[in-house]
J.: 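Structure below; questions to follow.
Worth knowing before you read on, the calculation uses all heavy atoms, side chains too, and leaves out hydrogens, waters and symmetry mates.
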Amino acid sequence: MLKKMQKKHITLIVCAALFAFSAGAVVSAPEIAKHFGGWLNVVGNAPEQISTANQANSDVFPLLSLSPQERAEKLEAIANGSSSPERERARYLLASDLINVREADKALSLLQGLERTYPSLGPYILLKQAQAEDILGESGKASDLRQRVLREYPNEAGKAKALYMIALPEHQDTAIAEFPSNPLTWDIIDKRLQENPNQPDLRLILGQYAFNRAGIVGVLDQLVKQPNLTAEQWEIVGTAYWENNQFAKAGEAYVAAPESPRNLYRAARGIQIGGQQQEKAIAIYNQLVQKFPDASESGLALLRLSELASSRQDALVYLERIITNYPQQASRAVVEKARIYEGLKNPAAAQQAWQLLLTEYGSSNHAAEYRWNKAQEQAKANNYAAAWEWAQPIATDNHSSILAPRAGFWVGKWATRLGNAAEAKSAYEYVLSNFPYSYYAWRSAVSLGLNVGNFDTVRDLQPEVIPHQRPVPPAGSETFKELYLLGEDRDAWLQWETEFLNKTQPTVAEQFTEGLIRLTRGQNLSAINLISRLEDRETPEEQAEYQALSKQVTYWQARYPFLYRQEIKKWSGERQLNSLLVIGLMRQESMFEPKIRSVVGATGLMQIMPSTGEWIAPQINLDTKNLNLEDPNENINLGTWYLDYTHRQYNNDSMLAIASYNAGPGNVARWLRTIGKNDPDDFVEDIPFNETKNYVRQVFGNYWNYLRLYNPEMSAKVAQYSDAHTQLTQRPSQSSSN
């Protein structure tokens with residue numbers, strides 16, 4: 001807040017949403033004589049209908065949302081019931097709660113013999129018993145129980161925990177040999193490296209299995225000093241560097257790795273990013289294209305060669321090869337070709353390229369960007385009919401484009417301005433049913449008269465919020481899933497890391513599961529980004545898997561997790577703010593990382609500048625000398641006060657309040673003078689700072705997603721629109737004005 005538009009931390013999910021609309025060639029507008037109504041029937045994908053099918057049917061799992069004290073009586077009732085999976089789960093969870101408060105005798109009575117009736121958690125039940133015996137001072141019994149794990153579960157991940165707890169050197173050797181991907185093994189390796197750093201084999205294990213740990217780059221930097229690394233080992237090093245965004249170092253490592261399309265591309269790209277050896281990068285790109293002409297990476301290599309070409313004519317040669325041979329990269333090559341011709345002052349050739357983009361690659365994201373540019377040009381000239389014609393194919397032909405909901409909504413706005421109320425309504429319904437996750441679905445819901453809060457009324461809404469239930473993870477063993485669903489987060493993480501060996505090329509199910517685990521560990525920014533990036537999967541099989549996953553409410557709830565619920569509820573109530581607007585802003589500011597700090601010093605969940613915190617503190621009776629902006633409760637206290645303050649400045653107009661939270665009141669005052677505010681949607685589109693424009697859309701898009709995912713009334717309403725729209729087979733009435 002009050003960052004005066006200095007560069008601040010921008011998360012990956014936001015960066016991925018930005019587009020550079022820079023197409024410039026003039027292409028003749030589509031024929032306006034066509035009527036406008038029929039476009040709604042050309043739908044490539046069925047509307048999203050969210051399902052709860054992957055929620056576990058259990059009496060125990062929903063109790064996780066309660067505190068141990070609140071759930072104890074209910075768990076006891078289930079634990080004392082007749083034999084059933086629910087009884088065994090209740091006994092295990094209740095015993096875990098008792099161990100945490102050191103009531104070991106009661107816990108042992110619940111755990112006695114449970115390994116026989118709850119076999120999927122067998123090793124962990126014995127380890128819980130050992131933990132209870134340790135509390136009682138019975139170290140011998142605890143040791144015997146851990147030895148039982150080694151004997152009775154020799155191939156289970158729980159054995160790694162027993163080996164770690166026993167802590168004998170020979171047991172540690174076994175852990176390193178048998179369970180290199182278990183985090184407890186990494187701790188063993190860390191200690192051994194502290195004692196003797198010259199152990200490259202141990203560093204390689206960390207590079208291969210623990211490359212997403214903090215400090216791994218330093219491990220790799222030491223490893224590359226070792227002589228005689230094999231090609232396969234260089235690939236491990238290169239992959240670890242690449243995953244940590246150390247692209248230049250990765251490029252040099254991949255040079256020594258086995259030749260494959262991926263390795264060669266990464267070698268060249270890393271060296272290119274490094275910027276010091278461009279000729280070497282060019283040579284490797286050419287090597288890739290020559291050795292693997294059918295690989296998709298070769299198309300990417302040709303794109304990079306066009307960027308590095310010494311002349312525009314040379315670049316055109318590379319682009320023509322892409323257009324002819326690499327359909328995955330062809331649309332991008334066509335765009336680059338058109339821009340080169342524009343730079344060469346050859347408008348006829350440029351127009352021909354743009355026309356090729358629309359006719360041959362009309363379903364591409366690049367075609368969507370071009371169409372949207374043309375639609376905006378026509379709208380600014382008040383030619384709404386032509387703008388409509390340019391925009392309408394985006395929502396249908398480019399259904400997966402980030403621009404599709406935006407185009408669909410503005411078709412509705414332009415239809416209204418043309419006097420076509422019925423077709424505007426159809427457009428808004430189309431956006432709400434086909435793109436329910438988008439900011440423009442919220443704007444469409446507002447236009448349809450739904451009680452979702454508009455810019456000037458959203459503050460006062462107090463929607464009901466229902467906590468989510470953990471989903472059944474789509475990947476992993478039964479043991480892992482039980483641990484996760486019982487809230488045994490540390491053991492679930494240890495189990496998952498041991499099983500999850502496909503970290504660099506995970507399946508859709510594995511990547512989503514990894515995101516769920518990161519959420520339990522408080523790695524919220526990386527978790528949300530990982531889950532969000534699933535939509536970028538490219539192969540038809542992966543896209544089908546993503547589409548199936550995205551029909552589940554639990555996918556979207558993981559993408560929009562309701563974290564810090566009690567603090568948000570407390571301080572939103574204190575400031576009389578809509579709690580979902582607060583969490584929407586918080587998600588955008590910090591992705592729920594309480595210790596995150598921007599380059600200008602904004603800190604914590606709501607990104608409070610220290611100077612702003614010091615200004616607010618005395619007004620809410622906080623000690624300015626002891627402010628802790630990394631404390632979630634204190635940060636939300638300060639942030640909600642300031643959000644209330646910005647609302648009061650703008651007569652409770654939340655759009656202006658949110659814009660001011662990002663850009664400062666001076667900029668907002670200037671925009672009100674220069675842009676005006678006759679239509680708030682026009683105002684948002686015309687905000688001159690791209691960061692603030694996207695910030696406003698992201699915050700309100702977040703608000704809308706929390707509303708539709710956690711408020712039962714709105715969840716049901718959105719589902720009704722989706723169900724109704726699938727039955728729309730009639731063309732809307734033809735426009736009465738052209």
J.: For residues L709 and F562, determine if any side-chain heavy atom of one lies less than 4.5 Å from a side-chain heavy atom of the other.
T.: no
J.: With a 4.0 Å cut-off on N to O distance, would you call D190 and R213 a salt bridge?
T.: yes
J.: For a 4.5 angstrom cut-off between non-hydrogen side-chain atoms, does Y555 reach L534?
T.: yes
J.: With no hydrogens and no angle check, do the side chains of D491 and Y124 hold a donor and an acceptor under 3.5 Å apart?
T.: no
J.: Could you tell me whether the side chain of N667 reaches within less than 4.5 Å of the side chain of T692, counting heavy atoms only?
T.: no
J.: Compute whether any side-chain donor of one residue and acceptor of the other, for T554 and H468, lie under 3.5 angstrom apart.
T.: no
J.: Please examine the side chains of R459 and N578, heavy atoms only from C-beta on, and report whether any two atoms are closer than 4.5 Å.
T.: no
J.: Would you please name every residue forming a side-chain hydrogen bond (donor to acceptor under 3.5 Å, both in side chains) with N502, sequence neighbours left out?
T.: E510
J.: Going through the checks in order, is the ring-ring contact (aromatic ring centres under 6.0 Å, His included) test met by W704 and Y439?
T.: CA-CA 7 Å; W704 163 250; Y439 161 82; over 10 Å; no
J.: Would you call K717-E713 a salt bridge at under 4.0 Å N-O?
T.: no
J.: May I ask you to check whether over 12 heavy atoms, not counting those of Y546, lie within 6.0 Å of atom OH?
T.: yes
J.: So N652 and D456, do their side chains get closer than 4.5 Å, heavy atoms only?
T.: no
J.: Does M655 reach the side chain of V696, with side-chain heavy atoms less than 4.5 Å apart?
T.: yes
J.: With distance as the sole criterion, is a donor-acceptor pair present between the side chains of N628 and D631 under 3.5 Å?
T.: no
